[in-house]
Amino acid sequence: MAVNTTPEAPLPVGEVSRLIGGWIDRLGAVWVEGQITQLSRRPGAGVVFLTLRDPSYDISVGVTCYRQVFDAVADVVSEGARVVVLAKPEWYAPRGQLSLRAAEIRPVGVGELLARLEQLKKALAREGLFAPERKKPLPFLPQLIGLVCGRASAAERDVLENARHRWPAVRFEVRNVAVQGVHAVPQVVQAVKELDAIDDVDVIIVARGGGSVEDLLPFSDEQLIRTVAQCRTPVVSAIGHEPDNPLLDQVADVRASTPTDAAKKVVPDVGEEYERVRLLRDRARRCVSALVEREERGLAHALARPSIEDPHRMIDVRADQVADLLDRGRRCLRHQLDRADSELTHTHARVVALSPAATLKRGYAVLQRADGHAVRDPGEVEAGEALRARVSEGEFSVRVDT
């Protein structure tokens with residue numbers, strides 16, 4: 001329950017410590033899992049002191065137990081071992097220190113660790129962290145490679161030497177970390193985050209040499225797996241050897257069987273690229289040569305055609321045809337004109353022969369009344385009426401007699 005205090009009525013330190021101890025005493029025993037980082041067994045002492053650390057977080061707590069409790073597992077438990085402890089929290093008031101009083105210690109066996117890893121693997125797979133569509137492709141030629149590995153380790157040497165042998169100009173941003181033990185997970189997580197935050201880093205390699213299942217446990221830690229899954233930079237897992245398969249291999253964008261294999265996957269071989277460029281250049285040269293030769297053959301074939309070899313031949317042939325047609329047209333027109341002229345002459349002769357003028361030339365005359373109408377019947381005129389007589393050479397006036 002909360003304690004009411006004021007600036008005027010504060011609680012003494014001893015009272016606060018006593019209250020905390022009372023609250024902690026009401027807690028029951030709990031099973032706690034962790035990794036032993038410090039172990040103190042003083043000769044003749046009846047109490048053994050341990051420090052239990054969470055491998056995933058920078059948190060530890062002191063543990064005390066009676067000697068007979070620890071002697072039951074002393075042969076299989078040492079510093080670095082993972083254990084499960086049945087303990088009751090205790091509060092040491094004089095120092096204000098929390099510790100655990102262990103009543104039983106059980107080592108975590110390899111089989112149990114593997115079973116837990118399998119459960120964690122299934123849980124993360126259900127979340128989609130291992131899905132192939134989440135994996136990012138590696139760049140063809142990374143300019144800057146981030147490397148997370150142990151200090152002066154064989155893994156670091158293998159990656160650096162093989163990468164520089166394949167492509168001498170490659171650059172590395174190295175983060176040396178603990179690759180096993182209680183400090184491995186937080187240091188590897190921090191290194192991966194730092195490299196992922198650098199814009200110039202094109203790919204990150206997490207490398208470690210082989211080891212036992214317990215040694216490789218940090219690379220199956222859930223916190224590290226989620227950190228890698230959130231990286232925007234492609235991550236290559238190069239942990240252990242071919243049989244080793246930590247969960248980091250599942251979430252990484254590319255899995256390499258060894259650190260040397262990681263260098264081969266990430267960095268192209270300059271000799272192979274030179275050879276590939278040479279082959280592509282030769283292929284391009286052959287393609288261009290074949291294209292030029294094909295076009296030359298097509299051009300030669302086109303030049304051999306009559307229309308190209310003698311381009312005026314068609315014009316000359318057409319000119320002759322035009323001249324023949326022109327002569328034919330002229331003959332036809334001349335024939336038509338001659339026939340039309342003959343017909344016109346005959347028609348003119350007929351018209352002249354049948355015209356009134358020709359009749360008048362034969363001595364006939366035409367009598368016309370004053371209104372110009374020709375007289376065809378004697379009954380049409382009256383006595384004394386003046387008429388006009390038209391003859392071939394002119395006309396004159398006449399008068400009708402009785």
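Along the sequence shown, residues are numbered consecutively beginning with 1. These numbers come from a predicted model, not from an experiment.
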Item checked: Steps toward side chain to side chain contact (heavy atoms under 4.5 Å, CB included) verdict (D71, R41) -> CA-CA 10 Å; D71 288 343; R41 299 176 63 189; 3.2 Å; yes

Next item on the list: Apply side-chain hydrogen bond (donor to acceptor under 3.5 Å, both in side chains) to the pair Q230 and D196, showing each step before the final yes or no.
Entry: CA-CA 10 Å; Q230 295 172 359; D196 188 50; over 6 Å; no

Next item on the list: Decide yes or no on side chain to side chain contact (heavy atoms under 4.5 Å, CB included) for R226 and L124, but give the supporting numbers first.
Entry: CA-CA 9 Å; R226 295 189 181 278; L124 296 177; 3.6 Å; yes

Notebook entry, point to check: Yes or no on side chain to side chain contact (heavy atoms under 4.5 Å, CB included) for H183 and R53, after CA distance, side-chain angles and deciding distance?
Noted result: CA-CA 9 Å; H183 301 289; R53 185 184 183 89; 3.6 Å; yes

Item checked: Derivation and outcome, side chain to side chain contact (heavy atoms under 4.5 Å, CB included), residues S153 and V179 -> CA-CA 10 Å; S153 62; V179 291; over 6 Å; no

Check: Are R175 and E173 close enough, and set up right, to give a salt bridge (charged side-chain N to carboxylate O under 4.0 Å, His left out), and what steps lead you there?
Finding: CA-CA 7 Å; R175 293 291 185 274; E173 185 73 22; 3.0 Å; yes

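A 4.5 Å side-chain heavy-atom check between N176 and C149 finds at least one atom pair inside the cut-off. Proximity of T227 to Q190: side-chain heavy atoms (C-beta onward) are nowhere separated by under 4.5 Å. Annotation: side chain of V188 is not in contact with side chain of D221 (no heavy-atom distance under 4.5 Å). Put simply, the side chain of L299 does not reach to within 4.5 Å of the side chain of E295, judged on heavy atoms. Q35 is not listed as a side-chain neighbour of L217, based on a closest heavy-atom distance of 4.5 Å or more. You'll find the side chain of D25 stays beyond 4.5 Å of the side chain of W91, heavy atoms only. Side-chain contact check for R101 versus Y66: some heavy-atom pair is nearer than 4.5 Å. Using a 4.5 Å cut-off on side-chain heavy atoms (C-beta onward), F49 and Q38 make no contact.
At most 12 heavy atoms of other shown residues, nucleotides or ligands fall within 6.0 angstrom of atom CD in E393. Environment of CZ in F140: crowded, with over 12 heavy atoms of neighbouring residues, nucleotides or ligands closer than 6.0 Å. Within a 6.0 Å sphere centred on CZ of R232, heavy atoms belonging to other residues, nucleotides or ligands number more than 12.
Under the 3.5 Å distance criterion, the side-chain polar atoms of T347 are matched with a main-chain donor or acceptor of E343. Side chain of R134 to backbone of A229: a donor-acceptor contact under 3.5 angstrom is found. Here the side chain of S342 pairs no donor or acceptor atom with the backbone of D338 at under 3.5 angstrom. In terms of modelled atom types and a separation under 3.5 Å, the side chain of Q187 and the main chain of A178 share a donor-acceptor contact. For the pair D202 (side chain) and Q143 (backbone), a donor-acceptor distance under 3.5 Å is present. K264 places no side-chain N or O within donor-acceptor distance of the main-chain N or O of A256, the cut-off being under 3.5 Å. Of the possible donor and acceptor atoms, none in the side chain of T51 sits under 3.5 Å from a partner among the backbone N and O of T37. Distance alone, capped at 3.5 Å, places no donor-acceptor pair between the D54 side chain and the I59 backbone. Here the side chain of S17 pairs no donor or acceptor atom with the backbone of G96 at under 3.5 angstrom. The main-chain N or O of E382 is found under 3.5 Å from a side-chain atom of E385 such that the two form a donor-acceptor pair.
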Atom pairs and distances, donor-acceptor, side-chain atoms in residues 275-292, under 3.5 Å, two or more places apart:
residue	atom	partner	partner atom	Å
E275	OE1	R278	NE	3.2
E275	OE2	R278	NE	3.4
E275	OE2	R278	NH2	2.4
R276	NH1	E273	OE1	2.8
R276	NH1	E273	OE2	2.6
R278	NH1	D282	OD2	3.0
D282	OD1	R285	NH1	3.0
S289	OG	R285	O	2.9

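A pairwise comparison of heavy atoms in K135 and A252 identifies NZ-O, 2.7 Å as the closest pair. When every heavy atom of I105 is checked against every heavy atom of V73, the shortest pair comes out as O-CG1, 3.3 Å. Scanning both residues, A365 and V391, for their nearest heavy atoms gives CB-CG1, 3.7 Å. Counting all heavy atoms, side chain and backbone alike, P89 lies closest to L27 at CG-CD1, 4.2 Å. Between L147 and A207, the shortest heavy-atom contact is CD1-CB, 4.2 Å. The minimum heavy-atom distance linking V251 with L129 is given by the pair CG2-O, 3.6 Å.
Between the CZ atom in R334 and the CG atom in D341 there is a gap of 13.5 Å [rounded to 0.5 Å]. Atom CG of L195 is separated from atom OG1 of T233 by 8.5 Å, given to the nearest 0.5 angstrom. Note that CZ of F219 is 10.0 Å distant from CD1 of I225, once rounded to the nearest 0.5 Å. The structure places CZ of F130 at 12.5 Å from NZ of K122, a figure rounded to the nearest 0.5 Å. A distance of 6.0 Å separates OG1 of T5 from CG of L11, quoted to the nearest 0.5 Å. For the atom pair CG (L160) and CZ (F172), the distance works out to 5.0 Å, reported to the nearest 0.5 Å.
For the pairing with L50, the side chain to side chain contact (heavy atoms under 4.5 Å, CB included) check across L39, V61, L100 returns one residue only, L39.
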